[in-house]
Amino acid sequence: MPHSEPLQDLALPSLSVSLTAAFFALAFLAVLLLSSSRSDIFRTHGLPYPPGPKGLPFLGNVHQLETTRRWIQLCKWAFYGSTVGLRVFGQRVIVLNTHEVAKDLLTKRGSIYSSRAKQTLGTVYGGWNFALTQLPYGEEFHLQRRFVNRFLNASAIKKYHEFMTESARNFVARTSRTPDKFQRWLHMSTGRNIMMLTYGHEVQNEEDEWIKRADTAIQTRKVLGIPGTHPIDLFPILGKLPFWVWGKLFQKDMQTMKTFSYGISLEPYNIVLKQMRMGTALPSMTSVLAEENMQDDGSVAYDKEIYGSAGSLYFAGMDTSVSTVQSFILAMMIHPDIQQKAQTELDALLQGTRLPTFADRASLPYLQATLKETLRWKPIVPLSLPHYSTEDDEYNGMSFPAGSLLVPNVWKMVYNPDDYPDPHSFNPDRFLDTNLENGKTELRKDVLDPEQIVFGFGRRICPGRHLATSSTWITMATLLATFEMSIPLDEHGSPILPDLEFGPGLLSQPKPFKCAFKPRGNALSLLADYPTTGPARPIVL
Ligand code: HEM
């Protein structure tokens with residue numbers, strides 16, 4: 001799982017460039033920065049830019065930004081206010097520290113805060129110009145969003161409930177047989193959901209070619225470092241220089257990336273088209289959209305938008321979903337009391353006679369609260385994906401110039417003690433209340449729902465959020481019903497403690513960890529006949 005960084009972030013440009021490259025870059029930089037700082041004067045309308053730490057001429061705040069876990073540094077600057085203004089070279093970066101401000105700007109003024117900064121290196125030179133995550137606000141963006149929303153909205157997701165339930169059981173059944181490989185089985189079952197939905201392909205085993213192809217494509221993006229931070233991204237004109245100036249290895253890696261980007265976009269799309277011609281395609285987002293847009297001459301209108309949106313789902317949805325389930329497993333390992341509480345609720349409903357289904361969701365408030373707490377406790381995308389503003393604006397007496405990057409500080413929001421007292425503790429009860437009239441435990445309506453933060457904002461809000469919460473929920477419920485999850489012991493009987501510090505980068509993922517899975521009650525008999533392979537059972541779209 002990712003492995004990669006789907007969007008631009010705040011950082012120093014990659015330092016792995018050759019000296020020649022650095023020389024050329026600096027020469028261009030000087031000229032461009034002079035012109036960009038001059039244009040500032042005309043953009044501020046006499047209103048101040050949001051307050052923030054004083055930077056250096058030209059560099060701005062680059063030298064003050066930590067190269068890892070940037071959200072920690074940004075939280076330290078939150079005393080400047082709910083909006084903090086920075087500069088990274090000539091790029092204005094405005095950090096949004098509260099949910100209210102993010103909603104005011106990114107949601108309520110969505111018409112001017114819904115673009116993405118151009119990532120020249122990846123899109124123009126790396127072959128990743130199809131990805132929805134990176135598209136600027138405009139026609140192609142609207143079409144791709146329309147495509148994905150149609151298949152991922154809250155009601156469409158219900159059609160995949162059965163398939164997701166099967167994937168969760170598949171994961172748990174495999175884990176019961178080979179617990180050491182649980183991370184691999186989780187990756188496989190998550191990929192199974194996305195591949196069936198997007199291409200009608202059923203993932204059958206760990207060697208699945210479709211998953212390998214997509215994972216390789218994502219891996220090769222690593223050459224970008226953190227997208228948006230290479231000198232070519234900061235100053236696209238540098239892309240006109242011959243590529244060898246960045247070093248031979250870089251030149252080769254870029255070529256590899258370009259070649260493999262095909263594996264997550266056009267290649268699976270072309271395979272589905274071929275299956276359609278042969279009459280073997282299973283219904284999927286790709287086959288339905290291709291069918292609807294098929295021209296008389298056999299070509300498909302909007303083909304780029306179709307393969308772009310389908311490819312974006314694996315790219316954006318795979319690692320985020322896997323990491324969320326991993327966070328949940330970690331939370332259960334280190335909080336056996338919370339695990340037991342969730343299991344007590346589940347057992348009271350299932351009586352050990354069956355495995356959970358989506359029909360049980362509303363009857364399990366503690367489990368719903370545990371999912372919300374999992375999303376809040378370790379936000380997988382701690383600085384969300386930056387939005388890019390397309391018009392000058394004013395807010396709270398400050399100037400928000402067009403061309404700014406708006407960075408929602410998700411970490412700050414989910415650790416706000418006013419919304420979440422004692423924010424560092426993992427406590428699902430913070431979302432629950434007991435109704436005095438009927439004695440039932442219910443989700444509180446007066447606590448800010450972390451789903452309104454961690455999935456982003458406005459017109460760019462994560463279109464996969466319903467799929468993500470549903471597939472995570474059924475996986476959590478199935479795991480809790482079948483296993484005791486605990487910290488494993490080594491051969492001397494000492495606990496193998498997991499590292500609870502998640503990785504740096506745009507996606508903050510758990511580091512590899514081990515977990516002990518002990519089957520509960522009659523879990524093994526419930527799983528005994530459960531097939532881990534079998535013929536494809538298509539989703540009826
Ligand atoms: C827990 C899991 C997930 C988390 C935390 C998450 C989080 C996010 C965030 C923060 C954004 C940026 C929103 C913004 O710019 O305001 C995003 C965008 C996106 N997500 Fe997710 N996501 C998850 C799962 C998924 C899944 C399962 C899919 C699809 C299968 C998906 C597809 C996308 C796409 C296509 C975008 C780009 C939207 C755009 O740029 O317009 N995500 N996600």
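Counting from 1, the numbers follow the sequence of the chain as shown. Since the model is a prediction, treat every value here as computed from it, not as a measurement. Counting starts at 1 for both ligands and their atoms, in listed order.
- In this structure, Tyr420 has its ring center at least 6.0 angstrom away from the ring center of Tyr415.
- Ring geometry, Tyr302 versus Phe147: the interplanar angle exceeds 60°, so the pair is classed perpendicular (tilted spans 30 to 60°).
- Proximity of Leu96 to Phe457: side-chain heavy atoms (C-beta onward) are nowhere separated by under 4.5 Å.
- At least one cation-pi condition fails for Arg184 and Phe171: the charged atom is not both under 6.0 angstrom from the six-membered ring centre and inside a 45 degree cone around its axis.
- Counting heavy atoms only, Pro463 comes closest to atom 34 (C) of ligand 1 of the residues Gly308, Ser323, Pro463.
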Q.
Is there a side-chain contact (heavy atoms from CB on, under 4.5 Å) between Leu371 and Phe328? Walk through the geometry before answering.
A. CA-CA 8 Å; Leu371 170 57; Phe328 163 75; over 6 Å; no

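- Atoms CG and OG, on Leu282 and Ser287 in that order, are 8.0 Å from each other to the nearest 0.5 Å.
- Ligand-side atoms of ligand 1 in range of Arg116: 14 (C), 15 (O), 39 (C), 40 (O), range being under 4.0 angstrom from any heavy atom.
- Residue contact check: Val454 has heavy atoms under 4.0 Å from atoms 5 (C), 7 (C), 10 (C) of ligand 1.
- Both the backbone and the side chain of Thr133 come within contact range of ligand 1, each with a heavy atom under 4.0 Å.
- For Arg465, no heavy-atom contact with ligand 1 is shorter than 4.0 Å.
- Proximity of Leu132 to ligand 1, defined as any heavy-atom pair under 4.0 Å, is shared by backbone and side chain alike.
- Using 4.0 Å as the threshold, Thr324 has a heavy atom nearer than that to some atom of ligand 1.
- The shortest N/O to N/O separation between Ser321 and ligand 1 does not fall below 3.5 Å.
- In this structure, the separation between OG1 on Thr198 and CD1 on Ile264 is 9.5 Å, given to the nearest 0.5 Å.
- The distance from ligand 1 to the heavy atoms of Ser384 drops below 4.0 Å at these ligand atoms: 10 (C).
- For CD of Glu292, the number of neighbouring non-hydrogen atoms (other residues, nucleotides, ligands) closer than 6.0 Å is greater than 12.
- Residue Tyr314 does not touch ligand 1, judged by heavy-atom distances below 4.0 Å.
- When non-hydrogen atoms are compared, ligand 1 lies under 4.0 Å from the side chain of Arg145 (C-beta onward) but not from its backbone.
- Within the listing of ligand 1, atoms 12 (C), 15 (O) sit less than 4.0 angstrom from a heavy atom of Leu385.
- Contact analysis leaves Ile380 out of contact with ligand 1, as no non-hydrogen atom separation drops below 4.0 angstrom.
- Close approach of ligand 1 to Phe141 (heavy-atom distance below 4.0 Å) involves ligand atoms 41 (O).
- With 3.5 Å as the limit, one finds no donor-acceptor pair spanning the side chains of Arg460 and Ser114.
- Near His387, with a cut-off below 4.0 Å to any heavy atom, the atoms of ligand 1 are 14 (C), 15 (O), 16 (O).
- Residue contacts with ligand 1, taken as heavy atom pairs separated by less than 4.0 Å, involve Phe457 solely via the backbone atoms N, CA, C and O.
- Taking any N or O of Arg460, backbone or side chain, at least one lies under 3.5 Å from an N or O belonging to ligand 1.
- Among the candidates Arg376, Lys372, Arg465, the single residue satisfying the salt bridge (charged side-chain N to carboxylate O under 4.0 Å, His left out) test with Glu451 is Lys372.
- The closest side-chain donor-acceptor pair between Tyr80 and Asn97, if any, does not fall under 3.5 angstrom.
- Aromatic rings from Tyr137 and His142 are positioned such that their centres are separated by under 6.0 Å.
- Residue contact check: Leu467 has heavy atoms under 4.0 Å from atoms 30 (C) of ligand 1.
- For ligand 1, the atoms sitting less than 4.0 Å from at least one non-hydrogen atom of Leu313 are 29 (C), 30 (C), numbered in the order shown with element in parentheses.
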